[in-house]
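Labels below follow one simple rule: chain letters A, B, ... track the order of the sequence lines, proteins then strands, and each chain is numbered from 1.
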Amino acid sequence: MTQLALVIDLNTCVGCHACVTSCKEWNTSGTAGPMVDRNPYAAEPTGTFFNRVQSFEVGSFPNTQTVHFPKSCLHCEDPPCVPVCPTGASYKRPEDGVVLVDYDKCIGCEYCSWACPYGAREIDEQQKVMKKCTLCVDRIYDQSLPEQERKPVCVLSCPTSARIYGDIHDPESEASKAINDAGGYQLMPEWGTEPANHYLPRRKVKITVHQEDLQRADNPLRKEDRGPRAPSTRTTLDDSTSW
Amino acid sequence: MKPALSVIFLTTLIGAGQGLYLAYYSAEWFVMLNILPAAQVDYSGYAAGLSFLLLLTGLLASFFHLGHPERAWRAAAMWRTSWLSREVIALPAAMLLILVYALLKMSGNDCLVFMLGENIPISIATLAGFGAVLAVCALFVCTAMIYACLKFLRQWHSPLTVFNFILMGCASGFTLATAISTFARDGRFDYFSGMAVFLTLSALIFRYASLSRNKRLRGPPTLQSAIGVHHPNIRQLSQGAMGGSFNTRAFIHTYGVSVLRLARRGFLLMGFIVPVILLQFSAEASVLFFAIAFASQYLGLLAERWYFFIEAEHPQNVYYQMIS
Ligand code: SF4
Ligand code: SF4
């Protein structure tokens with residue numbers, strides 16, 4: 001069974017909000033749109049977003065790190081938001097594990113948002129229906145897009161490639177490998193919701209540079225030995241003039 | 001959680017309506033079994049009619065909670081998994097059966113179906129009424145389970161929630177029945193007022209139990225497990241939105257401790273203590289006392305339901321440690 005998901009690398013996320021804005025752009029003009037924007041240029045801008053980036057300071061000064069934390073629906077494998085929905089508007093697709101809301105069925109009762117412990121669902125104040133990350137279902141299967149663009153738009157827009165998209169049930173996928181190799185984890189695992197989205201922890205990135213790495217000692221084509229041209233021993237114009 | 005006004009009215013109104021219906025229907029059985037004297041004027045039809053109106057008002061109030069009330073009928077679809085959906089079925093079912101019972105009783109067009117034993121006549125109204133009792137009980141469970149089944153809202157996720165909804169609904173219903181019976185002088189006063197006192201005191205005990213349970217709950221999820229960074233010292237710098245979001249508006253209340261304390265004491269006093277004292281008056285006392293008892297209890301239960309929402313702490317609030 002397929003379970004599509006995002007793997008978000010907290011080690012590389014720089015908190016630039018490119019995923020937030022590209023998500024809003026794609027989805028407000030797509031099937032999930034329009035998404036409310038109240039006072040977009042005024043003092044208290046607010047609206048519907050599927051994805052938000054929060055920032056945390058970890059440690060105590062001066063030994064702190066800033067962790068940027070992108071937050072969206074985690075497409076839980078055992079989603080508590082789905083069984084509580086009285087209309088069946090919220091559902092988890094068996095074929096790819098994406099959790100979706102049918103905006104034509106939703107009555108806007110907000111019950112599902114009470115049930116989601118992550119606060120991943122938002123009522124759209126204009127359309128009065130529940131909205132949340134769709135994992136860009138209207139993109140990832142779009143045959144008219146070139147194959148490499150059939151990914152959630154946040155993944156494509158991330159300048160540091162902090163977002164990896166793939167099937168976490170396929171051990172060969174890039175997403176599964178990232179989870180396995182880099183210690184991917186789930187949020188609030190104690191609730192048993194089995195979030196499909198995973199996060200990759202901060203890691204120490206430290207490289208020891210050896211002289212032979214710089215010299216490329218084992219490279220037969222190395223150019224280091226030649227060095228710059230030796231200085232000339234003949235008299236030059238500089239030796240005889242002072243200007 | 002931010003209290004949802006329409007839901008507060010829904011649950012308290014239908015609670016009182018269900019309790020009132022149970023009071024009068026049970027009294028009718030006691031009359032048939034010769035435990036209570038028969039009344040000259042039978043008010044059970046009118047009482048059931050009033051109960052229907054309470055349920056109807058509750059239903060109307062609930063529509064204000066929905067973004068798309070015109071699609072409310074869709075909510076009956078997922079009764080296999082959703083308690084909300086089950087409530088959406090149980091409420092109209094109870095209303096319909098109570099209405100049938102009320103109309104048969106009020107019009108006097110009831111007809112006998114069979115005799116139970118020697119001298120218990122079972123009429124169509126009795127049968128419809130019995131169906132209504134089942135629907136009312138189911139409705140109590142469904143309404144309470146909507147809250148009790150949410151395991152992440154730890155303050156609600158307890159059998160106490162179900163007991164409280166049933167006891168408070170029945171208590172306010174029996175208090176209302178006491179007022180009606182004082183007015184009607186139908187000889188059911190002692191039964192109603194006695195039960196009202198008993199139910200109100202039981203409700204008080206159970207509500208108190210849930211208050212003290214909620215004081216000692218295991219803490220909400222920690223920021224460490226919420227973002228998966230295991231460091232004791234984490235401070236939020238930004239919440240990802242400037243002018244707030246649905247998350248901050250729907251789940252985080254901003255009432256201070258003193259308001260909460262006032263609400264808690266207020267509902268314990270108005271919802272439980274005052275009615276129990278007023279219910280001590282005898283059947284000869286003015287109907288006004290019992291009307292005030294019900295009014296006080298109803299207002300108290302409104303405050304109780306408001307507090308019930310405030311009490312519940314949504315785990316998502318952990319992501320909103322500060323507003324920036
Ligand atoms: S993160 Fe919340 S909305 Fe998304 S699937 Fe899980 S419970 Fe449902
Ligand atoms: S708000 Fe919509 S999706 Fe959520 S539970 Fe209600 S009907 Fe279902």
Out of curiosity, B:K151 NZ to A:T193 OG1, how far, rounded to the nearest 0.5 Å?
-> 8.0 Å
Correct closest heavy-atom pair for B:L84 and A:P86 would be CD2-CG, 3.6 Å
Just checking, any donor-acceptor pair under 3.5 angstrom between side chains of B:R235 and A:T64?
-> no
Between B:F309 and A:W114, does the ring centroid distance fall short of 6.0 Å?
-> yes
Please look at B:R80 and chain A and tell me whether the side chain, the backbone, both or neither of the residue comes under 4.5 angstrom of a heavy atom of that chain.
-> neither
More than 12 heavy atoms of other residues, nucleotides or ligands under 6.0 Å from CZ of B:F251: is that the case?
-> yes
Below 4.5 Å from any heavy atom of chain A, which atoms of B:H65 appear? Answer side chain, backbone, both or neither.
-> both
Specify which of B:A77, B:A75, B:C149, B:P69 makes the most heavy-atom pairs with chain A at under 4.5 Å.
-> B:A75
Look up atom CH2 in A:W191 and atom OG in B:S225, then write down how far apart they are to the nearest 0.5 Å.
-> 8.5 Å
Which atoms of A:C85 approach chain B - backbone, side chain, both or neither, heavy atom under 4.5 Å | backbone
Answer yes when B:K2 and A:E110 have at least one side-chain N-carboxylate O distance shorter than 4.0 Å, and no when they do not.
-> no
Could you have a look at A:K71, A:M130, A:R121, A:R202 and say which one has the most heavy-atom pairs with chain B under 4.5 angstrom?
-> A:K71
Identify the heavy atoms of A:Y118 and B:Q316 that sit nearest to each other, and give their distance.
-> C-CB, 3.8 Å
Within-4.5 Å side-chain heavy-atom neighbours: A:P80 and B:F152 = yes
Sub-3.5 Å donor-acceptor pair from the side chain of B:S82 to the main-chain atoms of A:V84, do we have one?
-> yes
Nearest 0.5 Å, what's the CZ-SG distance between B:R71 and A:C109?
-> 12.0 Å
Side chain, backbone, both or neither: which part of A:P201 has an atom under 4.5 Å from a heavy atom of chain B?
-> neither
Heavy-atom pair count under 4.5 Å with chain A, highest-scoring of B:T81, B:L153, B:N233 | B:N233
Is it the side chain or the backbone of B:A76 that comes within 4.5 Å of chain A heavy atoms, both, or neither?
-> backbone
Can you check whether B:V229's main-chain N or O pairs, donor with acceptor, with A:Y199's side chain at less than 3.5 Å?
-> no
Select one option (side chain, backbone, both, neither) describing which atoms of A:R38 are under 4.5 Å from chain B's heavy atoms.
-> side chain
Heavy-atom distances under 4.5 Å only: say whether B:I146 touches chain A with side chain, backbone, both or neither.
-> both
Polar side-chain atom of B:H68 near backbone of A:Q127 as donor-acceptor pair, under 3.5 Å | yes
Might you point out which heavy atoms bring A:L187 and B:A226 nearest each other, and give the distance in Å?
-> CD2-O, 3.3 Å
Separation of A:E125 CD from B:F246 CZ (nearest 0.5 Å) = 9.0 Å
Contact leader toward chain B among A:P117, A:P83, A:G119, where contacts are heavy-atom pairs under 4.5 Å = A:P117
From the list A:A120, A:C116, A:S113, the residue making the most non-hydrogen contacts under 4.5 Å with chain B is A:S113
Quick one: which of A:G88, A:G15, A:P70 has the most heavy-atom pairs under 4.5 Å with chain B, could you say?
-> A:G88
Considering only heavy atoms, which portion of B:L66 lies under 4.5 Å from any heavy atom of chain A: side chain, backbone, both, or neither?
-> both
Which bit of A:T48 comes within less than 4.5 Å of chain B, counting heavy atoms only: side chain, backbone, both or neither?
-> neither
Which atom of A:Y111 lies closest to which atom of B:M145, heavy atoms considered = OH-O, 4.3 Å
If one checks every heavy atom of B:I234 against chain A at 4.5 Å, the contacting part turns out to be both
Given the options B:E70, B:H230, B:M78, B:M1, which has more heavy-atom pairs under 4.5 Å with chain A than any of the others?
-> B:M78
So, does A:S55 use its side chain to make a donor-acceptor pair with the main chain of B:S238 at under 3.5 Å?
-> no
Heavy-atom donor-acceptor pair, A:R52 side chain to B:Q239 backbone, under 3.5 Å | no
Highest number of heavy-atom pairs under 4.5 Å with chain A: which of B:P315, B:A250, B:S62?
-> B:P315
Return yes if some donor-acceptor pair links the side-chain N/O of A:Y185 with the main-chain N/O of B:I227 below 3.5 Å, else return no.
-> yes
Check the surroundings of atom OH in A:Y141: do more than 12 heavy atoms from other residues, nucleotides or ligands lie under 6.0 Å from it?
-> yes
Tell me, side chain or backbone of B:A72 under 4.5 Å from chain A's heavy atoms, or both, or neither?
-> backbone
When heavy-atom pairs shorter than 4.5 Å are enumerated against chain B, which of A:N51, A:I123, A:T87 gives the highest number?
-> A:T87
For B:F267, look at atom CZ and say whether over 12 heavy atoms of other residues, nucleotides or ligands are found less than 6.0 Å away.
-> yes
Please flag which part of A:Q65 lies under 4.5 Å from any non-hydrogen atom of chain B: side chain, backbone, both or neither.
-> neither
Nearest heavy atoms of A:A115 and B:L150, plus distance in Å | CB-CD2, 3.7 Å
